[in-house]
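The block underneath contains the structure these notes are about, expressed in structure tokens.
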Protein chains: 2
Amino acid sequence: MLQTSIEINKAAIILKLLGDNTRLTMMKLLDTQACCVCEFVEIFQTSQPSISQHLRKIKDIGLVREERKSQWVFYSLNKSSEYYPFIKSILEQLPNQDEKLKELDEKGSRISCC
Amino acid sequence: MLQTSIEINKAAIILKLLGDNTRLTMMKLLDTQACCVCEFVEIFQTSQPSISQHLRKIKDIGLVREERKSQWVFYSLNKSSEYYPFIKSILEQLPNQDEKLKELDEKGSRISCC
DNA sequence: TAAGTATATAGTTATTTGCTTATATAAACA
DNA sequence: TGTTTATATAAGCAAATAACTATATACTTA
């Protein structure tokens, strides 16, 4: 079967974006479910602007999309992106990160915002 | 079939290394055949130290290995690396870069060193 | 052994990156 | 409308990156 290939310099740009622990973990989490900014802030124990900046980078090249739901902004994988198959094939090989969300559930932090 | 997964922070390190146009193209070329430093210098039209430094980075985490053949050092993909399946699955999705080597052949530059 | 060729390493520098703090914007609600 | 909550943006800074030049090392060959 013919595999669609991605231009090599585009691939490099995407791999560089994925080549960051925070962004890669975000993408893996989003592969399972949409998340809002405040959840990421909890999970990564970092500042809210830092999270927003990471999200902006992956949004700018279309890997994720945002959807505002009242005061919260939810991010999800953009499955219509031309790069989605490429991304997906990488994420598939990573271990599930959902225990990070479970911890939030247990702490009650998740319910607080989402 | 159970897919072996790669630790997420290790994956991030590898993706960052691949997230550079020069290194990614190198890896794709090496996926086809071993290359020596001087070929890369020709192909990328950059300085020899720059090429050596890129090669060192991907060698340091074991993605490639080097083999000296008289005065030349040939690099090849390290198929024994624990990360090789991950790498391979990414490289498979990239367009073949061998025309870059063909150009060298045509210019005669390839024969000059290898 | 001296000279030439191929590669590696060291040191320097400009650019990029990711974080921080401060501030702006948007929505919810009293 | 004023306050609170969630998020985005701007500005500043330290660390990482990738290039360069100069130099060291390794091998070949005259």
Side-chain angles (χ1 to χ4, degrees), chain A residues 8-9 12-27 29-30 34-61 63-76 104 108-114, chain B residues 8-9 12-27 29-30 34-61 63-76 104 108-114:
Chain A
I8 204 154
N9 60 326
I13 290 168
I14 287 169
L15 294 172
K16 180 182 283 187
L17 281 169
L18 297 182
D20 172 275
N21 208 33
T22 303
R23 285 191 298 264
L24 188 61
T25 308
M26 278 176 164
M27 290 293 287
L29 282 164
L30 293 177
C35 293
C36 73
V37 179
C38 59
E39 286 177 309
F40 287 134
V41 172
E42 273 288 318
I43 288 169
F44 295 108
Q45 290 291 302
T46 186
S47 68
Q48 172 269 314
S50 173
I51 295 297
S52 281
Q53 283 156 14
H54 282 301
L55 287 166
R56 184 135 121 86
K57 287 183 187 183
I58 56 182
K59 195 189 71 177
D60 279 353
I61 55 158
L63 302 189
V64 298
R65 37 179 162 205
E66 61 179 34
E67 185 191 357
R68 181 174 277 274
K69 283 186 185 168
S70 80
Q71 71 246 69
W72 301 289
V73 178
F74 282 78
Y75 284 83
S76 56
L104 289 198
S109 310
R110 189 139 193 242
I111 301 131
S112 78
C113 79
C114 308
Chain B
I8 205 154
N9 60 327
I13 290 169
I14 287 171
L15 294 172
K16 181 184 283 188
L17 281 168
L18 296 182
D20 172 275
N21 207 33
T22 302
R23 286 192 296 265
L24 188 60
T25 308
M26 279 176 164
M27 291 292 287
L29 282 164
L30 293 177
C35 292
C36 72
V37 179
C38 60
E39 287 177 309
F40 286 134
V41 172
E42 273 287 318
I43 287 168
F44 295 108
Q45 290 290 305
T46 184
S47 69
Q48 173 269 313
S50 172
I51 296 297
S52 281
Q53 283 157 14
H54 282 302
L55 287 167
R56 184 135 122 87
K57 288 184 185 181
I58 56 181
K59 195 190 69 175
D60 280 354
I61 55 158
L63 302 189
V64 298
R65 42 180 160 205
E66 61 180 33
E67 186 190 359
R68 182 174 276 274
K69 282 188 184 168
S70 80
Q71 71 245 71
W72 301 290
V73 177
F74 282 78
Y75 285 83
S76 55
L104 289 197
S109 310
R110 188 138 195 243
I111 301 132
S112 76
C113 80
C114 305

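Since the model is a prediction, treat every value here as computed from it, not as a measurement.
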In whole angstrom, what separates Lys59(A)'s NZ from dT7(D)'s P?
13 Å

For Ser70(B) and dT29(D), is the shortest distance between a side-chain N/O and OP1 or OP2 below 4.0 Å?
no

Distance check: side-chain N/O of Arg68(A) vs OP1/OP2 of dA26(C), anything under 4.0 Å?
no

Val37(B) or Pro49(A), whichever maps to the more 5' nucleotide of DNA chain C
Val37(B)

Start with the C-alpha gap between Lys57(A) and Arg23(A), add the side-chain angles, then the distance that decides, and say whether side-chain contact (heavy atoms from CB on, under 4.5 Å) holds.
CA-CA 9 Å; Lys57(A) 287 183 187 183; Arg23(A) 285 191 298 264; 3.6 Å; yes

Can you see which heavy atom on Ser52(B) is nearest to which on Val37(B), and at what distance?
OG-CG1, 4.2 Å

Report the C-alpha distance between Asn9(B) and Thr25(A) in whole Å, list the side-chain angles of each, state the deciding distance to 0.1 Å, and finish with yes or no for side-chain contact (heavy atoms from CB on, under 4.5 Å).
CA-CA 9 Å; Asn9(B) 60 327; Thr25(A) 308; over 6 Å; no

Within this structure, what is the CD1-to-P distance between Ile13(A) and dT17(D), rounded to whole angstrom?
18 Å

Hey, is the side chain of Gln53(A) pairing donor to acceptor with the base of dT17(C) inside 3.5 Å?
no

Quick check on dA6(C): is either OP1 or OP2 less than 4.0 Å from any side-chain nitrogen or oxygen of Lys69(B)?
no

Looking at every non-hydrogen atom in both residues, tell me the closest pair between Leu17(A) and Ile61(A) and how far apart they are.
CD1-CD1, 2.9 Å

Is any side-chain N or O of Gln48(A) under 3.5 Å from a base N or O of dA6(D), one able to act as donor and the other as acceptor?
no

Ignoring backbone atoms, test whether Tyr75(A) places a side-chain nitrogen or oxygen under 4.0 Å from the OP1 or OP2 oxygen of dA6(D).
no

Whole angstrom value for the distance that separates P of dA18(D) from CD of Gln45(B):
20 Å

Determine: side-chain N/O of Ser50(A) to OP1/OP2 of dG18(C), distance under 4.0 Å, yes or no.
no

Check whether any side-chain N or O of Lys16(A) sits under 4.0 Å from OP1 or OP2 of dT17(D), and answer yes or no.
no

CA sep, side-chain torsions, deciding dist, call: Glu67(A), Ser76(A), side-chain contact (heavy atoms from CB on, under 4.5 Å):
CA-CA 8 Å; Glu67(A) 185 191 357; Ser76(A) 56; 5.9 Å; no

Between Gln71(A) and Arg56(A), just flag the one whose closest nucleotide in DNA chain D comes earlier from the 5' side.
Gln71(A)

Whole angstrom is fine here: how far is it from CD in Glu66(B) over to C1' in dT25(D)?
13 Å

Atom NZ of Lys57(B) and atom C1' of dA18(D): how far apart are they, to the nearest Å?
6 Å

Atom-pair distance (CG on Leu17(A); C1' on dT16(C)), nearest Å
13 Å

Taking only N and O in the side chain of Arg23(B), is any of them less than 4.0 Å away from OP1 or OP2 of dA18(D)?
yes

I'd like to know whether Cys35(B) forms a side-chain contact (heavy atoms from CB on, under 4.5 Å) with Phe40(B), so could you lay out the CA-CA distance, the side-chain angles of the two residues, the decisive distance to 0.1 Å, and finally the verdict.
CA-CA 7 Å; Cys35(B) 292; Phe40(B) 286 134; 3.6 Å; yes

Are there any protein N/O atoms within less than 3.5 Å of an N/O atom in nucleotides 1-4 of chain D, and if so, which ones and at what distance?
none

Could you tell me the separation between the CG atom of Leu55(B) and the P atom of dT7(C), rounded to a whole number of Å?
10 Å

Identify the heavy atoms of Ile8(A) and Leu24(B) that sit nearest to each other, and give their distance.
O-CD2, 3.6 Å

dA19(D) phosphate, OP1 or OP2: any side-chain N/O from His54(B) under 4.0 angstrom?
yes

Below 4.0 Å: OP1/OP2 of dT7(D) and any side-chain N or O of Ser52(A)
no

If you look at every heavy atom in Cys36(A) and Trp72(A), which pair is closest and at what distance?
CB-CB, 4.5 Å

Roughly how many Å is it from CG in Asp60(A) to P in dA8(D), rounded to a whole number?
12 Å

